[in-house]
Amino acid sequence: MARRVLITGGAGFIGSHTALVLLEQGYELVVLDNFDNSSPEALKRVKTLANSNALELVEGDVRDLDAVNRAFDRGGPVDGVIHFAGLKAVAESVANPLHYWDVNLNGSRVLATAMEQHQCRTLVFSSTSTVYGEPEVFPLHEEMPTAPVHPYAQTKLAVEQMLSALCRSGDWRVACLRYFNPVGAHPSGRIGEDPLGTPNNLFPFITQVAAGRRDKLRIFGQDYSTHDGTGIRDYLHVMDLAEAHSVTLDHLFHSTAPHQLTLNIGTGCGLSVLDVVRGFEKATGLPIPYEVVARRPGDVPKLEGCPQKAKDILGWSAKRDLAQMCRDGWTWQQANPLGYRSVP
Ligand code: NAD
Ligand code: UFG
């Protein structure tokens with residue numbers, strides 16, 4: 001019988017790509033999303049791409065226990081949960097910390113409560129490489145100290161700690177995946193990243209400059225101690241990240257409880273902002289005009305993780321290179337100039 005998985009935030013950027021991978025593998029899915037930062041159109045397209053109807057939607061907030069219970073009670077018993085629903089904008093978390101603690105921590109607490117009530121204790125949680133703070137030694141290993149410097153990362157680390165406590169207290173199987181920087185889109189160009197308003201993140205900003213929606217990229221600082229002075233991040237293709245969720249779930253389903261994992265999910269290869277700009281120009285043949293402006297408050301010079309533990313434990317490693325991230329991101333941008341709102 002097909003396993004049934006609840007995906008919170010399944011209509012979002014990473015959630016929609018993961019939902020597609022899982023549907024293609026024959027899972028039955030229930031998505032809980034309040035569409036705070038996404039569109040139901042993404043889920044329609046996921047079903048079409050997978051040629052499957054095994055995805056049910058419960059529209060609701062992960063902080064609302066009744067809504068989460070409705071998702072659990074829709075159809076057969078849920079075997080495992082992937083928890084994407086949350087907020088992710090660093091500057092917004094500094095401006096409105098209580099909202100981040102509410103959605104990210106309280107939402108996770110409510111979800112875990114419903115999981116206990118339904119005796120479903122298998123969970124993959126979206127954590128972030130920003131829990132390492134402003135490290136000085138690279139590459140980053142999971143055992144290195146965490147020192148988050150903004151409320152967004154602090155809420156994610158707090159959830160990791162809450163989940164560790166659950167694993168110590170009972171039969172939970174939990175994986176906290178510390179993502180580096182997911183970019184790109186499904187190669188079909190049917191699903192992708194759809195930021196509302198001006199993008200915060202580098203990659204969607206670049207594709208909107210390429211499309212002529214923005215005049216130029218503003219590079220936040222060229223005075224970091226990196227090879228060209230611009231910030232370094234570990235960018236990975238969102239399809240590689242989606243596949244990481246599928247192998248993680250599989251690993252948890254085959255593990256004996258209690259079981260807890262914390263894994264870096266990245267390529268292990270850091271790229272500067274200028275490396276990405278040049279890579280995009282090379283992959284697409286399009287110029288990306290830019291100017292260098294002041295550093296963005298809260299940015300760290302470099303984040304680059306070692307993904308060896310994920311390879312050893314899951315057999316997972318990123319397969320797609322920067323050129324593919326750029327090509328697929330550009331295909332999505334061209335086909336959907338206004339994101340999912342391009343639909344009449
Ligand atoms: P996203 O905003 O595209 O997806 C999040 C989804 O959760 C959206 O569909 C949104 O509508 C939904 N959501 C938000 N609040 C909700 C609530 N209260 N109840 C129900 N649904 C809610 O973001 P994403 O890039 O897909 O990120 C997914 C997860 O991964 C987030 O938890 C994020 O913090 C984490 N993460 C993202 C990145 C990244 O660079 N994209 C990196 C590290 C970690
Ligand atoms: N950058 C620019 N110009 C822009 C946008 C970004 O120069 O318009 C630079 C930033 O200064 C940084 C790099 O591009 O050096 C990457 O910035 P992003 O905003 O794309 O990504 P961050 O690393 O700041 O943060 C992202 C997500 C977080 C997530 C983190 C994981 O926003 O939610 O990746 O590493 F946790």
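Considering every non-hydrogen atom in both Val81 and Leu111, the closest pair reads CG1-CD2, 4.0 Å. Pairing each heavy atom of Leu286 with each of Ala210, the nearest pair is CD1-CB, 4.1 Å. Met115 approaches Phe72 most closely through the heavy-atom pair CG-CZ, 3.6 Å. Heavy-atom minimum distance, Asn69 versus Ala114: OD1-CB, 3.6 Å. Between Ala11 and Ser39, the shortest heavy-atom contact is CB-O, 4.0 Å. Here the closest heavy-atom approach between residue Gly192 and residue Ala185 is recorded as CA-CB, 3.9 Å.
The main-chain N or O of Pro337 is found under 3.5 Å from a side-chain atom of Arg213 such that the two form a donor-acceptor pair. Side-chain atoms of Asn34 come within 3.5 Å of backbone atoms of Asp36 as a donor-acceptor pair (strictly under, hydrogens ignored). Looking only at distances, no side-chain donor or acceptor of Asn104 sits under 3.5 Å from a matching main-chain atom of Thr155. Asp234 places no side-chain N or O within 3.5 Å of a backbone atom of Phe180 that could act as its donor or acceptor partner.
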message = Working note: Asp215 + Arg218, criterion salt bridge (charged side-chain N to carboxylate O under 4.0 Å, His left out); need CA distance, chi angles, decisive distance, verdict.
response = CA-CA 10 Å; Asp215 60 343; Arg218 267 157 278 273; 3.7 Å; yes
key: Trace of the side chain to side chain contact (heavy atoms under 4.5 Å, CB included) decision for Asp250 with Gln25   = CA-CA 11 Å; Asp250 204 46; Gln25 290 176 351; over 6 Å; no
Steps toward side-chain hydrogen bond (donor to acceptor under 3.5 Å, both in side chains) verdict (Arg173, Thr122) = CA-CA 5 Å; Arg173 294 178 291 192; Thr122 300; 3.0 Å; yes
inquiry  = Using side chain to side chain contact (heavy atoms under 4.5 Å, CB included), reason through Thr248 and Leu177 one step at a time and then give a plain yes or no.
reply    = CA-CA 9 Å; Thr248 303; Leu177 303 185; 3.9 Å; yes
key: Asp240 vs Arg320, salt bridge (charged side-chain N to carboxylate O under 4.0 Å, His left out): CA-CA, chis, key distance, verdict   = CA-CA 7 Å; Asp240 278 321; Arg320 298 158 178 93; 2.7 Å; yes
ask   = Yes or no on salt bridge (charged side-chain N to carboxylate O under 4.0 Å, His left out) for Glu28 and Arg74, after CA distance, side-chain angles and deciding distance?
value = CA-CA 11 Å; Glu28 273 178 24; Arg74 178 76 66 88; over 6 Å; no
ask   = Asp275 and His227: side-chain hydrogen bond (donor to acceptor under 3.5 Å, both in side chains), yes or no, with the steps?
value = CA-CA 10 Å; Asp275 290 336; His227 63 272; 3.2 Å; yes
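Hydrophobic clustering (side-chain heavy atoms under 4.5 Å, transitive across Ile, Leu, Val, Met, Phe, Trp, Tyr) keeps Leu271 apart from Tyr132. No path of Ile, Leu, Val, Met, Phe, Trp and Tyr side chains, each step under 4.5 Å between heavy atoms, connects Leu236 with Ile232, placing them in separate hydrophobic clusters. Using a 4.5 Å cut-off between side-chain heavy atoms of Ile, Leu, Val, Met, Phe, Trp and Tyr, with links allowed through other members, Tyr179 and Val247 fall into the same hydrophobic cluster.
Leu32 places a side-chain heavy atom less than 4.5 Å from the side chain of Val68. Using a 4.5 Å heavy-atom cutoff, the side chains of Val58 and Val30 are in contact. In this structure, Cys306 and Glu142 have side chains that are not in contact, with every pair of non-hydrogen atoms separated by 4.5 Å or more. Using a 4.5 Å heavy-atom threshold, the side chains of Leu202 and Tyr235 count as touching. Residues Val94 and Pro151 meet the side-chain proximity criterion, which asks for heavy atoms closer than 4.5 Å. With contacts defined as side-chain heavy-atom distances shorter than 4.5 Å, the pair Val131/Thr128 qualifies. Put simply, the side chain of Val276 does not reach to within 4.5 Å of the side chain of Ser272, judged on heavy atoms. Between His259 and Trp172, every side-chain heavy-atom pair lies at or beyond the 4.5 Å cut-off.
Between the side chains of His118 and Asp73, at least one donor N or O lies within less than 3.5 Å of an accepting N or O. Glu160 and Thr262 are not linked by any side-chain donor-acceptor pair at a separation below 3.5 angstrom, with hydrogens and angles left out of the test. With hydrogens and angles left out, the side-chain atoms of Arg178 and Ser127 include no donor and acceptor closer than 3.5 Å. A side-chain donor from one of Tyr100 and Glu92 sits under 3.5 Å from a side-chain acceptor of the other. Judged by distance alone, the side chains of His83 and Ser126 never bring a donor and an acceptor atom under 3.5 Å apart. In this model, a donor atom of one side chain and an acceptor atom of the other lie less than 3.5 Å apart for Asn106 and Asp102. For the 3.5 Å distance criterion, the side chains of His237 and Asp321 fail to qualify, holding no donor opposite an acceptor. Side-chain atoms of Asp328 and Thr331 include no donor-acceptor pair closer than 3.5 Å. Counted by atom type alone, Arg45 and Asn336 present one or more donor-acceptor pairs between their side chains at under 3.5 Å.
Using a 30° and 60° split on the angle between ring planes, Phe84 and His245 fall in the tilted class, from 30° to 60°. Classified by interplanar angle (parallel below 30°, tilted 30° to 60°, perpendicular above 60°), the ring pair Phe280/Trp330 is perpendicular. Using bins of under 30°, 30° to 60° and over 60° for the plane-to-plane angle, the ring pair His150/Tyr152 lands in the parallel bin.
Using a 4.0 Å cut-off between a side-chain N of Lys or Arg and a carboxylate O of Asp or Glu, Glu59 and Arg70 do not qualify as a salt bridge. Salt bridge Lys47/Glu56: absent, no basic N to carboxylate O contact under 4.0 Å. Under the 4.0 Å criterion applied to side-chain N and carboxylate O atoms, Asp194 and Arg341 are assigned as salt-bridge partners. Taking a cutoff of 4.0 Å between a charged side-chain nitrogen and a carboxylate oxygen, Arg233 and Glu304 do not qualify as a salt bridge. In this structure, Arg121 does not pair ionically with Asp171, as no charged nitrogen and carboxylate oxygen lie closer than 4.0 Å.
To the nearest 0.5 angstrom, Ser129 atom OG is 11.5 Å from Ile265 atom CD1. Atom CG of Leu22 and atom CG of Leu29 lie 5.5 Å apart (nearest 0.5 Å).
A centroid separation of less than 6.0 Å is found between the aromatic rings of Trp332 and Tyr340.
Judged by the 6.0 Å and 45° rule, Lys302 forms a cation-pi pair with Phe138. Relative to the six-membered ring of Phe253, Arg3 meets both conditions, a distance below 6.0 Å and an angle of at most 45° to the axis.
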